[in-house]
Chemist: 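One structure coming up, written as C-alpha cells, with questions to follow.
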Amino acid sequence: MQPVTEHVDRLVCSACGATFAPEPLHTVCTHCGRPLLVSYRLEALCDRFRPEVLAGRVRSLWRYAEVLPVPFDAVRSLGEGWTPLLPQPRLGRQLGLPNLYVKDESLNPGGSFKARGLAMAVAAAALRGVRQVGLASAGNAAGALALYAARMGLSALVFMPEETPEPAVWECRLAGAQVYQVPGTIAEAGAAFEAYRREHPEVFSVATLREPYRVEGKKTMGYELFEQLGGRLPDVILYPTGGGTGLIGMWKAFDEMEALGWIGPERPRMVAVQAAGCAPIVRAFQEGHETAEFWENARTLAAGLRVPKALGDFLILRALRESNGTAVAVEDDEILEAMARWAQAEGMLAAPEGAATLAALLRLREAGWVQPEETVVLFNTASAHKYPAVVHRVLSRVEATEIR
Ligand SMILES: *Cc1c(COP(=O)(O)O)cnc(C)c1O
C-alpha cells in the first residue's frame, strides 16, 4: 500500500517555508518547530478535479480524494464528514438574516467534528508503521482518537483535564484507550503527555498541529461548504476557536480551491469565536499582534475553547486579518442562553462551543457587522449530548425563567 496519494507534492513549513518529502513520518518543522502543511500538485489536477466530478461520490469527506493525503482504500472510515448544511429560517427571521445556515458537525462519528482530523491523522500514522498514538485533549479529540485507533487496530493513549465532560472520557474507555486525567487545563495535560513521551518515544503524537494530517481532515469543511451552497462560499463563517485547526484548514482549502480554478480571490470573512474566560486569539487580534500570549487562569464551560495557547495562533490571526474578519469573545451565560434558544428555535442540539457562535452572531448583528443579505454560516462542532453537566445548567436557567 502506498502511504501517500499521487498528488501530494511536499510538506511545507507554515512559518519558515522549509520543505520536506512526505516520507517517512513527520511532526513539526525541524528548523523552527512550527506546523507543517501538505502541499499538492494542484496544477496537474485543474483539468480533471472539477466540482462536477463530485456528484455521486461517497457521502463522507473522502469524496475529495484528489486533495487528501491518504488513499481512501487505506482507511477504515466511520463515515466522517459530509454533514448537513441546514438553513435556519426561524432564527434567521429573528435576527434579520434570511440566509443563515448551520454546518451541523454533531452528526460526525463520536458526535464531534474532531472525527475529521483524527480519521486522517490516525490513517496517515498507521500507513507509516505507527502502532501507538496519543494526544492531550479537552475531550472530543481524545474520544475521536480512541474510536479511530480502535477501528484501525492501533493502541491509543490520551491525557485529559480532570474537568473533561464525562461522555468524552467514557468514549475513550469504552474503545479501550489508556486514559490519564490531569489537574488543570489542556496545557497541563499536554505537559504530562510530553513528559510521558520522553519515557515512551514509540507513542506518536497526533496533538493539534504537531503533525500535518489532522488539518487535512478538517479542511474538508471548506470544500463541503462550497459544494453544499451550490458552488460558492458564504460571506461570513463563525468558528469556535480553540487550537484553530478547522479555521486554518478551511483557509487552506480556499487557497487550494482558487488554485484549482473553482473560486476567485474572494474569501468569506472569518470570525474566531472564543469564551471570555479564555480568549487569547481575541486579545491578540484586538491588540494587533501576530501571535497570541498564553492565557492565564483559563475558565469556561465550553471545554473545547479552554485552550490557553495555540501552536497555530499566527495562522489563525493571519486568516482573520486577510479575510477582513474579526474575533469575538462571549460570556458563559450567553452560551447557556444560546443553547436553549437554538434548541427551541431550530431543534439544534448545540454543544456549548457551537452555541458560542450563535451568541457571537447576536453581538455582531447588533453591532451592524453583518448585513441582512449576507450568507452566514455558524458551526455547531459537537452535540449537546456530550455535555450533560452544561445541559443541566441550561435547564435550570430555562426552568427558573419560566417560573418567574
Ligand atoms: C476542539 C473543539 C473546538 C475547537 O476546535 P479547533 O479546531 O481546535 O479550534 C470547538 N468545538 C468543539 C466541540 C471541539 O471539540
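Residue numbers start at 1 and run along the sequence shown. One-based numbering, in listed order, for ligands and for the atoms of each.
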Chemist: Below 30° counts as parallel, above 60° as perpendicular, anything between as tilted: where do the rings of Tyr223 and Trp262 land?
Modeler: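 Ring orientation of Tyr223 relative to Trp262: perpendicular.
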Chemist: To the nearest 0.1 Å, how far is atom 5 (O) of ligand 1 from its closest protein heavy atom, and which atom is that?
Modeler: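 Result: Phe113 CZ, 3.3 Å.
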Chemist: Centroid-to-centroid, His7 to Tyr40, below 6.0 Å?
Modeler: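 Between Tyr40 and His7, which both carry aromatic rings, the centre distance is not below 6.0 Å.
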Chemist: What is the nearest protein non-hydrogen atom to atom 11 (N) of ligand 1, stated with its residue, atom name and distance?
Modeler: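 Looking at atom 11 (N) of ligand 1, the protein heavy atom closest to it is Thr381 OG1, 2.7 Å.
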Chemist: Using a 4.0 Å heavy-atom cut-off, which part of Lys386 comes near ligand 1: side chain, backbone, both, or neither?
Modeler: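 Neither part.
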Chemist: What do you reckon, does Asn140 have a nitrogen or oxygen under 3.5 Å from a nitrogen or oxygen of ligand 1?
Modeler: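 Asn140 vs ligand 1: N/O contact under 3.5 Å present.
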Chemist: When you look for heavy atoms under 4.0 Å from ligand 1, do you find them on the side chain of Tyr387, its backbone, both, or neither?
Modeler: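 Near ligand 1, Tyr387 shows its side chain, while the N, CA, C and O stay back.
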Chemist: Taking both backbone and side-chain atoms of Gly246, is any N or O found less than 3.5 Å from an N or O belonging to ligand 1?
Modeler: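 Indeed, backbone or side chain, Gly246 has an N or O that close.
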Chemist: Counting both backbone and side chain atoms, is some N or O of Tyr239 under 3.5 Å from an N or O of ligand 1?
Modeler: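 Yes, Tyr239 has an N/O under 3.5 Å of an N/O on ligand 1.
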Chemist: So, does Ala141 sit close enough to ligand 1 that a heavy atom of it is under 4.0 Å from the ligand?
Modeler: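 Under 4.0 Å: no for Ala141.
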Chemist: When you compare ligand 1 with Gly304, is there at least one nitrogen or oxygen pair between them that comes in under 3.5 angstrom?
Modeler: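 It does not: no N or O of Gly304 is found under 3.5 Å from an N or O of ligand 1.
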Chemist: Checking the N or O distance criterion of under 3.5 Å, is ligand 1 in contact with Gly243?
Modeler: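 N/O-N/O distance below 3.5 Å exists for this pair.
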Chemist: Say whether Thr208 and ligand 1 are in contact under the criterion: heavy-atom distance to a ligand atom below 4.0 Å.
Modeler: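 No heavy atom of Thr208 comes that close to ligand 1.
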Chemist: Consider side chain to side chain contact (heavy atoms under 4.5 Å, CB included). Of Asp313, Val273, Ile316, which one does Thr241 pass it with?
Modeler: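 With Thr241 as partner, Asp313, Val273, Ile316 yield a single side chain to side chain contact (heavy atoms under 4.5 Å, CB included), made by Ile316.
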Chemist: Under 4.0 Å, counting heavy atoms only: does Pro240 come that close to any atom of ligand 1?
Modeler: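 Pro240: in contact with ligand 1 (<4.0 Å).
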Chemist: In terms of residue, atom name and distance, what is the protein heavy atom nearest to atom 6 (P) of ligand 1?
Modeler: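 I find the closest protein heavy atom is Gly244 N, 3.3 Å.
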Chemist: Considering only heavy atoms, which of Gln274, Lys114, Arg306 lies nearest to atom 14 (C) of ligand 1?
Modeler: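 Heavy atom nearest to atom 14 (C) of ligand 1 belongs to Lys114.
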Chemist: Hey, is CD on Glu188 packed in by over 12 heavy atoms from elsewhere, all under 6.0 Å?
Modeler: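 Yes, CD of Glu188 has more than 12 neighbouring heavy atoms, counting only those of other groups under 6.0 Å.
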